[in-house]
Colleague: 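Sharing a structure below in structure tokens format, with a few things to ask.
The chains referred to below are lettered A, B, ... by the order of the sequence lines, with proteins before strands, and numbering in each begins at 1.
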Protein chains: 2
Amino acid sequence: MNKPIGKTDASQKTPVNQPKTARGEATRNAILGAAERVIGAKGYSDASIGHITSEAGVAQGTFYIYFKTKEEVFSELVLEMGRLVRHTISEATQGIENRLEAEKAGLRAFLEFVKAHPDLYRIVQEALFVDPDAYREYYGAFADGYRTGLTEAEAAGQISIGDPDTRAWALMGIARALGEQLVVFNSETPISELVASAYDLIENGIKP
Amino acid sequence: MNKPIGKTDASQKTPVNQPKTARGEATRNAILGAAERVIGAKGYSDASIGHITSEAGVAQGTFYIYFKTKEEVFSELVLEMGRLVRHTISEATQGIENRLEAEKAGLRAFLEFVKAHPDLYRIVQEALFVDPDAYREYYGAFADGYRTGLTEAEAAGQISIGDPDTRAWALMGIARALGEQLVVFNSETPISELVASAYDLIENGIKP
DNA sequence: ATGAAACATGAATCAGTATTCATGTTTGGT
DNA sequence: ACCAAACATGAATACTGATTCATGTTTCAT
């Protein structure tokens with residue numbers, strides 16, 4: 001025992017208490033799930049620890065066994081959301097050869113995900129204020145994904161030449177706006193229609 | 001005194017205290033300006049009334065002469081921002097006949113405005129949590145503007161046929177994303193380049 | 001010039017809630 | 001079966017900050 005390693009050595013984050021038993025694991029997950037629902041519904045500052053723990057069915061003090069602060073659950077939520085969305089999208093685009101088709105399928109998967117998890121949107125948005133780094137990481141990773149796809153597609157001659165960076169941001173912006181239309185503005189437009197007209201625009205532009 | 005009319009009858013909003021003298025007007029504006037700076041810098045919940053009033057150079061109680069609650073200044077700020085942006089854009093597009101060119105000039109003006117007033121972005125974003133109605137109104141009006149422009153351009157044969165609604169949301173999403181790149185991600189890319197490549201995409205799409 | 005309405009003050013109130021802690025209870029390896 | 005580590009509890013702590021209020025001061029229409 002001569003290595004006074006701090007915590008689990010990992011990579012700085014989640015430095016406090018990883019559960020060590022099945023019971024702990026379950027409780028932690030219960031809290032995380034409750035936090036997602038409560039923060040998603042009421043917003044970060046209106047969601048009290050009391051609300052979260054009572055939704056999770058545990059005592060208030062239990063919260064601090066697994067999370068150092070209120071902010072920490074929030075950050076973890078954002079991280080997890082990011083992983084989930086990326087996973088969903090990469091799943092949906094598996095094996096699609098044509099990049100353009102892949103992007104289209106990715107957009108559809110994204111919109112479907114967002115519609116199924118409306119809390120996601122709010123939580124990630126609020127990260128800009130609660131945990132800006134997590135916010136930047138989330139959208140940075142998103143933009144990177146687009147940029148990579150675009151660069152490869154350009155190299156493969158599947159799309160025209162153009163600045164991949166701005167294009168990446170633009171495509172991401174489109175995805176976000178359509179997602180917002182669904183979640184914040186409760187649009188009735190079916191996802192397939194959104195995807196179709198968005199990709200008509202993306203592919204052909206609006207020149208007559 | 002037989003008409004127990006609630007408040008000033010007006011249209012529900014700003015029902016409290018419109019200043020009635022020049023002094024009052026000045027004080028109110030000082031508070032509003034301070035609120036913009038402080039809330040923009042620290043975010044809604046970290047910006048206390050104390051911070052705002054001390055930045056404005058008035059006593060804490062003075063705040064409540066002009067605003068019923070903390071939320072109320074915020075809402076007013078969002079409203080004013082919306083007016084300002086729309087005004088800036090319409091100014092910049094005055095007299096441009098070709099719709100496509102007008103949209104392009106509008107995007108440039110928008111990005112320039114956002115870069116000059118980075119607080120705008122944060123405040124409007126935060127409205128989704130502090131005052132969702134103001135948020136929806138802001139972006140709703142924005143989308144309407146785009147939709148109208150697109151519909152007219154379509155009728156005039158200046159752009160191809162396509163769903164104006166989704167297109168409006170998509171274009172708005174692009175503008176937002178580029179603005180965010182400037183403000184949140186501190187991109188160095190000059191605005192004219194952003195506008196140029198964005199509009200290359202919007203006009204021609206990415207088909208090879 | 002003057003008094004009622006406007007405006008300004010800042011200390012006191014009041015409520016909410018993140019975090020800690022002293023005290024039990026449960027678990028799992030031996 | 002046993003006990004040290006994990007886990008759980010919920011009341012108490014501690015602090016922040018929005019809003020109110022009783023008391024002055026300034027403005028402006030007459």
Colleague: Residues two or more places apart in sequence or in another chain: which of them pass side-chain hydrogen bond (donor to acceptor under 3.5 Å, both in side chains) with Asp119(B)?
Modeller: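 Partners of Asp119(B) under the side-chain hydrogen bond (donor to acceptor under 3.5 Å, both in side chains) test: none.
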Colleague: When rounded to the nearest 0.5 angstrom, what distance separates OG1 in Thr151(A) from CD in Glu154(A)?
Modeller: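 Spacing of OG1 (Thr151(A)) from CD (Glu154(A)) equals 6.5 Å.
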Colleague: Near DNA chain D, which residues from residues 35-57 of chain A have a heavy atom under 4.0 Å away?
Modeller: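 Those residues: none at all.
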Colleague: Using a cut-off of 4.0 Å between protein heavy atoms and nucleotide atoms, how would you tag nucleotides 21-30 of chain D 5' to 3' with B, S and -?
Modeller: -----SS---
Colleague: Using OP1 and OP2 only, check whether a side-chain N or O of Thr27(B) sits under 4.0 Å from dA8(C).
Modeller: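 Answer is yes, contact under 4.0 Å.
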Colleague: Taking side-chain contact (heavy atoms from CB on, under 4.5 Å) as the test, write out the residues that go with Thr189(A), two or more places apart.
Modeller: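 Checked Thr189(A) against side-chain contact (heavy atoms from CB on, under 4.5 Å); matches are Ser187(A), Glu193(A), Leu194(A).
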Colleague: Restricting to pairs with a member in residues 138-147 of chain A, which pass side chain to side chain donor-acceptor pair (under 3.5 Å), not counting sequence neighbours?
Modeller: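 Checked against side chain to side chain donor-acceptor pair (under 3.5 Å) - neighbours excluded - the pairs reaching residues 138-147 of chain A are Gln125(A)-Tyr139(A), Tyr139(A)-Arg176(A), Asp144(A)-Arg147(A), Arg147(A)-Asp165(A).
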Colleague: Please report, rounded to the nearest Å, how far the C1' atom of dA8(D) is from the CD1 atom of Ile31(A).
Modeller: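 From Ile31(A) CD1 to dA8(D) C1': 10 Å.
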Colleague: Kindly write out the residues that satisfy side-chain contact (heavy atoms from CB on, under 4.5 Å) with Thr27(B), not counting sequence neighbours, or none if the list is empty.
Modeller: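 side-chain contact (heavy atoms from CB on, under 4.5 Å) list for Thr27(B), sorted by chain: Arg23(B), Ile31(B), Val58(B), Thr62(B), Tyr66(B).
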Colleague: Atom CZ of Phe74(B) and atom P of dA18(D): how far apart are they, to the nearest Å?
Modeller: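 Distance check: Phe74(B) CZ to dA18(D) P gives 14 Å.
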Colleague: Under 3.5 Å, side-chain donor or acceptor atoms of residues 96-118 of chain A against the rest of the protein: list the pairs with distances, not counting sequence neighbours.
Modeller:
from: Asn98(A); atom 1: OD1; to: Leu100(A); atom 2: N; distance (Å): 2.8
from: Asn98(A); atom 1: OD1; to: Glu101(A); atom 2: N; distance (Å): 3.2
from: Arg99(A); atom 1: NH2; to: Glu152(A); atom 2: OE1; distance (Å): 2.3

Colleague: Round to a whole Å and report the spacing from CD of Glu71(B) to P of dG17(D).
Modeller: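 Rounded to whole Å, this separation is 17 Å.
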Colleague: Counting side-chain heavy atoms from CB outward, which of dA18(C), dA8(D), dT9(C) is closest to Ile65(A)?
Modeller: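 It is dA8(D).
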Colleague: Could you pull out all residues at least two apart from Val38(B) that satisfy side-chain contact (heavy atoms from CB on, under 4.5 Å)?
Modeller: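 Per chain and number, Val38(B) pairs via side-chain contact (heavy atoms from CB on, under 4.5 Å) with Lys42(B), Ala47(B), His51(B), Ile52(B), Glu55(B).
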Colleague: Which nucleotide wins on minimum distance to the side chain of Lys20(A), given the candidates dC7(D), dC7(C), dT19(C)?
Modeller: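 Per side-chain heavy atoms of Lys20(A), the pick is dC7(D).
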Colleague: Identify the residue among Asp131(B), Val73(B), Val130(B) that makes a side-chain contact (heavy atoms from CB on, under 4.5 Å) with Tyr44(B).
Modeller: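 Exactly one pass, corresponding to Val130(B).
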Colleague: Take the protein atom CZ of Phe63(B) and the nucleotide atom C1' of dG17(D), then report the distance between them rounded to whole Å.
Modeller: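 From Phe63(B) CZ to dG17(D) C1': 12 Å.
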Colleague: How many whole angstroms separate atom NZ of Lys68(A) from atom P of dT19(C)?
Modeller: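 Whole-Å distance recorded here is 11 Å.
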Colleague: Name every donor-acceptor pair, under 3.5 Å, that has one atom in a side chain of residues 83-93 of chain A and the other anywhere in the protein, sequence neighbours excluded.
Modeller:
from: Thr88(A); atom 1: OG1; to: Leu84(A); atom 2: O; distance (Å): 2.8
from: Ser90(A); atom 1: OG; to: His87(A); atom 2: O; distance (Å): 3.4
from: Thr93(A); atom 1: OG1; to: Ile89(A); atom 2: O; distance (Å): 3.1
from: Thr93(A); atom 1: OG1; to: Ser90(A); atom 2: O; distance (Å): 3.2

Colleague: How close or far is atom C1' of dA18(C) from atom CD of Gln60(A), stated in whole angstroms?
Modeller: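 The answer, rounded to whole Å, is 8 Å.
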